[in-house]
Number of protein chains: 2
Amino acid sequence: MSETTLPSAALLQRFQAVAEETRFEIVRRLSGGERCVCELQSDLDAAQSRLSFHLKKLKDAGVVSDRRDGRWVYYALVPGALEEMRAFLGEVKPEETWRAPRVSGDCCS
Amino acid sequence: MSETTLPSAALLQRFQAVAEETRFEIVRRLSGGERCVCELQSDLDAAQSRLSFHLKKLKDAGVVSDRRDGRWVYYALVPGALEEMRAFLGEVKPEETWRAPRVSGDCCS
DNA sequence: CCAACATATCAACGTTCGTTGATCGACGGA
DNA sequence: TCCGTCGATCAACGAACGTTGATATGTTGG
């Protein structure tokens, strides 16, 4: 196994970051380019402190980055962050070529 | 947009299902083929009712299916379930070809 | 330097979520 | 049919999480 892979805990943190409705929507809105906070605020009709809270979660998880430009702060998706989640999902395969059926009678100890 | 896509709420539910440590591990263990509950139980060193709780979450989200065989119940990944999550992540692009910088001064209303 | 604005942080609160132990239902073997 | 086993369900509990309103920090323009 060549390790370009994210540590498991960090990967889980990314899934947790995305798996919340508000943040899910933020990620959607960030698709295609950066947005400033106030823009997201009106788009999502979310209170300022609420948005700030969620953006921090996404940032801590490495999903987004922020950039200050004067009075405003712009958030953007971190290139590759979502790709690493995709990679995990891609490695998990529903079926194997073949899996021997359990020998009768002794599943558990 | 051709709609082979999962409704947004269902997709979010899948992310929520996977974004928890125990369930994250269950999904990992199910990679490559089905496993019976007691197998997972000893693998993950989890109490029986705890495991049952998490397997239900995964099942409700459409991530896994269950199959009874005599005394045992086997859980397996639903083919395509994780692919739909991958598809979402693939659609979300960090950068657009070009995004006009905001005209000076009037970000918010 | 002060006022107005954009954003972050904090404390308090309620809700949701995962854990545990107990009980129940289903199945198979003796 | 009775007993032992596998698994699901339930109620009670505590912990983690998201929301809100208030306050703090940083920036621009007058």
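As a basis for the values below, the full set of heavy atoms in this structure was taken, side chains included, without hydrogen atoms, waters or symmetry mates. To find a chain, count down the sequence lines: A is the first, B the second, and so on, and within it residues start at 1.
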Chemist: Counting any heavy atom closer than 4.0 Å, what does A:K59 reach on the DNA or RNA strands: base, sugar-phosphate only, or nothing?
Modeler: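 A:K59: no heavy atom of the nucleic acid under 4.0 Å.
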Chemist: CG of A:L40 versus P of C:dA8: gap in Å, rounded?
Modeler: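 So the CG-P distance, A:L40 to C:dA8, works out to 11 Å.
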Chemist: Are any of the side-chain heavy atoms of B:Y75 and B:S65 separated by less than 4.5 Å?
Modeler: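 A side-chain contact under 4.5 Å is absent here.
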Chemist: If I take atom NZ in residue A:K56 and atom P in nucleotide D:dC17, what distance separates them, rounded to the nearest angstrom?
Modeler: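 Result: 13 Å.
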Chemist: Over how many whole Å does the gap from A:W72 atom CH2 to C:dA8 atom C1' extend?
Modeler: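 It is 17 Å, rounded to the nearest whole Å.
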Chemist: With a 4.5 Å limit on heavy-atom distance, are the side chains of A:F53 and A:T22 in contact?
Modeler: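 Of all side-chain heavy-atom pairs linking A:T22 with A:F53, none is under 4.5 Å.
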Chemist: Just the rounded figure in Å: distance from C1' of D:dG18 to CG of A:L44.
Modeler: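 Taking CG of A:L44 and C1' of D:dG18, I get 15 Å after rounding.
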Chemist: Taking all non-hydrogen atoms of both residues into account, name the closest pair between B:A81 and B:G62 and its distance.
Modeler: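 It is CB-O, 3.4 Å.
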Chemist: Could you state the CG-P distance from B:L55 to D:dC6, rounded to the nearest angstrom?
Modeler: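 Result: 16 Å.
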Chemist: Please report the C-alpha distance between A:S8 and B:R28 in whole Å, then the side-chain angles of each, then the deciding distance to 0.1 Å, and finally whether the side-chain contact (heavy atoms from CB on, under 4.5 Å) criterion is met.
Modeler: CA-CA 11 Å; A:S8 196; B:R28 271 222 173 94; 3.1 Å; yes
Chemist: Produce a footprint string for nucleotides 19-30 of chain D: one letter per nucleotide, 5' end first; B if the base is under 4.0 Å from any protein heavy atom, S if only the sugar-phosphate is, - if neither.
Modeler: BBBB----SS--
Chemist: When rounded to the nearest 0.5 angstrom, what distance separates CZ in B:F15 from CG in A:L89?
Modeler: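 Taking CZ in B:F15 and CG in A:L89, the distance rounds to 6.5 Å.
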Chemist: I need the CD-P distance between B:Q16 and D:dG18, as an integer number of Å.
Modeler: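 Going from CD in B:Q16 over to P in D:dG18 covers 10 Å.
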Chemist: Starting at atom CG of B:L51, determine the distance to atom P of C:dG21, rounded to an integer number of angstrom.
Modeler: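 One finds 15 Å between P of C:dG21 and CG of B:L51, rounded.
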Chemist: I need the single residue from B:L30, B:L77, B:V18 that forms a side chain to side chain contact (heavy atoms under 4.5 Å, CB included) with A:V92. Which is it?
Modeler: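 Filter result, single survivor: B:L77.
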Chemist: Please state whether the phosphate of C:dA8, meaning OP1 or OP2, lies under 4.0 angstrom from any side-chain nitrogen or oxygen of A:Y75.
Modeler: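 Affirmative; the distance criterion is met.
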Chemist: Heavy atoms, side chains only, cut-off 4.5 Å: are B:D66 and B:L55 in contact?
Modeler: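 In short, these two side chains do not touch, never coming nearer than 4.5 Å.
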Chemist: Quick one: A:R67 CZ to C:dT7 P, roughly how many Å, whole number?
Modeler: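 Rounding to the nearest Å, CZ of A:R67 and P of C:dT7 are 12 Å apart.
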Chemist: May I ask you to evaluate whether A:K57 reaches the phosphate of D:dG18, defined as a side-chain N or O under 4.0 Å from OP1 or OP2?
Modeler: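 So the side-chain polar atoms of A:K57 do come within 4.0 Å of the phosphate oxygens OP1 or OP2 of D:dG18, strictly under.
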